[in-house]
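Shown next, in structure tokens, is the structure this report addresses.
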Amino acid sequence: MSRFSSCILPPAMLGILGGGQLGAMFTVAAKTMGYQVTVLDPDPDAPAAQFADVHLCSNFNNAEALQNMAKCAAVTTEFENVSAESMRWLAQYTVVSPSGDCVAIAQDRQQEKEWIARAGLTTVPYTVISTESDINDSLNALLPGILKTATLGYDGKGQIAVDSLAELQAAFTRLRQVRCVLEKKVDLHAEISVVVARLNNQHTVCFPPAENQHQNGILAYSVVPARLPQPVLKQAENMANQLAQAMDYQGVMAVEMFVAGNEMQLLVNEIAPRPHNSGHYTLDACISDQFQQQVRLMCGLPPAATDLLMPCCMANILGDVWPENGEPNWNAVLNHKTACLHLYGKKQVRPGRKMGHFTVLADNPDQAWQTARNLHLHLQNSAQNSSTASD
Ligand code: ADP
Ligand code: MG
């Protein structure tokens with residue numbers, strides 16, 4: 001009997017909850033490997049729909065749509081705010097990866113931090129604020145800090161920096177007094193993330209840590225290899241493995257970490273129960289990519305090799321580089337011989353919206369980063385120039 005007889009093999013139908021760019025890149029990976037794909041997403045223009053065999057265009061908790069998803073050989077998700085309940089329900093009928101329980105942990109900053117501690121790892125100092133009465137003088141120790149809603153925040157949304165107790169009061173009111181965590185603001189030497197692909201104890205791999213730079217709370221660049229000492233990067237991989245192990249995680253998970261202070265202490269920031277923006281570099285620069293791993297793991301196949309083939313830098317392309325009328329000037333990116341452009345096919349352009357990314361490969365990470373920045377600046381400048389020209 002084949003070693004893979006208990007695995008889900010092509011051309012089985014795989015399901016994904018969510019059809020944004022992560023769902024689209026998953027769908028391409030699955031289709032390339034010979035699987036069929038059903039996407040559930042309420043948006044008729046969902047990026048994944050252009051590649052999927054079936055697009056169930058309805059809400060994530062629609063009973064009929066979920067019944068259709070239950071017929072898939074396995075189901076995964078592309079975003080954490082899908083109801084963990086729906087995933088638990090689906091698990092009665094089909095393989096669900098990651099589990100609803102793991103998704104529920106990642107949905108809630110409080111639970112997430114409790115699990116990080118349970119795995120023996122460290123977070124930034126924090127406290128939970130559920131009601132106004134939780135705000136008292138003892139919280140001065142966490143100031144200056146950042147107040148974050150426990151659930152539903154992303155790309156820097158749902159968080160407010162606070163310097164004093166009065167500001168904390170005001171911020172809690174502005175966040176409508178929903179349950180929050182108050183984190184101490186740490187001095188960041190760098191930020192990194194590790195994408196882990198875990199089937200079980202015997203089969204866990206990590207992609208090389210990415211060094212992440214944010215602008216306005218949104219990821220702007222990921223540089224790989226991260227320009228940090230090797231022992232720090234090794235420790236980051238070990239920590240990501242340890243966390244996946246503690247959660248008995250099955251599937252692809254990204255672990256964001258802060259590299260704090262001159263001593264470069266690693267603190268776990270948050271986890272994403274899915275492939276991650278900072279792992280897009282794997283599409284062009286590694287033996288396998290994070291979406292192929294997502295397909296493999298939901299099908300019970302062992303993860304593929306994760307080696308980096310060349311240093312690289314991924315740059316996000318946000319709606320900001322679209323001129324008022326027309327399309328960005330892609331000339332520079334398309335003419336660059338080692339820049340790989342990925343556009344998500346989103347019809348609506350908005351500032352801050354993730355429209356695509358590109359990855360530059362180079363001989364070393366500095367060069368990759370500098371080239372990516374120049375190409376990105378070129379996109380920004382030509383958007384401004386053509387908007388001014390049409391004024
Ligand atoms: P999101 O869910 O929006 O990604 P994060 O908690 O990752 O939320 O915060 C977004 C960014 O804000 C981080 O990548 C980091 O740059 C900054 N940040 C968040 N928390 C802290 C903190 N406690 N200290 C310093 N910087 C922080
Ligand atoms: Mg984050």
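Just so you know, ligand 1 is whichever comes first in the structure, and atom 1 is the first atom listed for that ligand. Note that this is a predicted model, so its numbers are computed, not measured.
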Problem - Shortest protein contact, atom 19 (C) of ligand 1 (heavy atom only) - result: K148 NZ, 3.2 Å

Exercise for the section: With heavy atoms only and a cut-off of under 4.0 Å, state how K184 meets ligand 1: side chain, backbone, both or neither. Expected result: backbone

Exercise for the section: Could you tell me if any non-hydrogen atom of F258 lies under 4.0 Å from any atom of ligand 1? Expected result: yes

Exercise for the section: Decide if atom CG of D366 counts as having more than 12 heavy atoms of other residues, nucleotides or ligands within a radius under 6.0 Å. Expected result: yes

Exercise for the section: Identify whether the distance between the nearest side-chain nitrogen and carboxylate oxygen of E167 and R174 falls below 4.0 Å. Expected result: no

Exercise for the section: Could you tell me the angle subtended at the Mg ion (ligand 2) by OE1 of E256 and OE2 of E270, rounded to 10°? Expected result: 90°

Handout entry: For atom 1 (P) of ligand 1, closest protein heavy-atom neighbour
Key = E270 OE2, 3.3 Å

Completion exercise
Logged contact type for R109 with ligand 1, heavy-atom cut-off 4.0 Å, is side chain

Exercise for the section: Quick one: look up the protein heavy atom nearest atom 3 (O) of ligand 1 and list residue, atom name and how far away it is. Expected result: G156 N, 2.4 Å

Handout entry: Identity and separation of the nearest protein heavy atom to atom 13 (C) of ligand 1
Key = E191 OE1, 3.3 Å

Problem - salt_bridge(D320, R353) N-O dist < 4.0 Å - result: no

Practice task
Say whether Y344 and H357, considering side chains only, have a donor N or O and an acceptor N or O under 3.5 Å apart.
Solution key: yes

Practice task
Output yes when the distance from some N or O of ligand 1 to some N or O of K185 is under 3.5 Å, and no in every other case.
Solution key: no

Exercise for the section: May I ask you to test the L283-M25 pair for a side-chain heavy-atom distance under 4.5 Å? Expected result: yes

Handout entry: Non-hydrogen side-chain atoms of T359 and C313 separated by less than 4.5 Å
Key = no

Handout entry: Side-chain donor or acceptor of E112 paired with backbone N/O of I271 under 3.5 Å
Key = yes

Practice task
Could you check atom 8 (O) of ligand 1 against the protein and tell me its nearest heavy-atom contact, residue, atom and distance included?
Solution key: Q159 NE2, 3.1 Å

Exercise for the section: Give the numbers and elements of all ligand 1 atoms closer than 4.0 Å to a heavy atom of E183. Expected result: 20 (N), 21 (C), 22 (C), 23 (N)

Practice task
Using a strict cut-off of 4.0 Å, indicate which atoms of ligand 1 neighbour a heavy atom of Y154.
Solution key: 2 (O), 3 (O)

Exercise for the section: Verify the contact flag for atom 22 (C) of ligand 1, where contact means a protein heavy atom under 4.0 Å away. Expected result: yes

Practice task
Hey, can you tell me if Y281 and F207 have their rings parallel, tilted or perpendicular (30° and 60° cut-offs)?
Solution key: perpendicular

Exercise for the section: Report yes or no: do Q380 and Q384 form a side-chain donor-acceptor pair below 3.5 Å? Expected result: no

Exercise for the section: Report the C-alpha separation of T149 and Q159 in whole Å, then their side-chain angles, then the decisive distance to 0.1 Å, and conclude whether the side chain to side chain contact (heavy atoms under 4.5 Å, CB included) test is met. Expected result: CA-CA 6 Å; T149 57; Q159 43 182 282; over 6 Å; no

Completion exercise
Under 4.0 Å between heavy atoms, the region of L188 that gets near ligand 1 turns out to be side chain

Exercise for the section: May I ask you to list the atoms of ligand 1 that are less than 4.0 angstrom from any heavy atom of E256? Expected result: 7 (O)

Practice task
Using a strict 4.0 Å threshold on nitrogen-to-oxygen distance, state whether E78 and R274 make a salt bridge.
Solution key: no

Problem - atom 27 (C) of ligand 1 [closest protein heavy-atom partner, distance rounded to 0.1 Å] - result: I146 CD1, 3.6 Å

Handout entry: Contact bool for atom 25 (C) of ligand 1 (protein heavy atom, d < 4.0 Å)
Key = yes

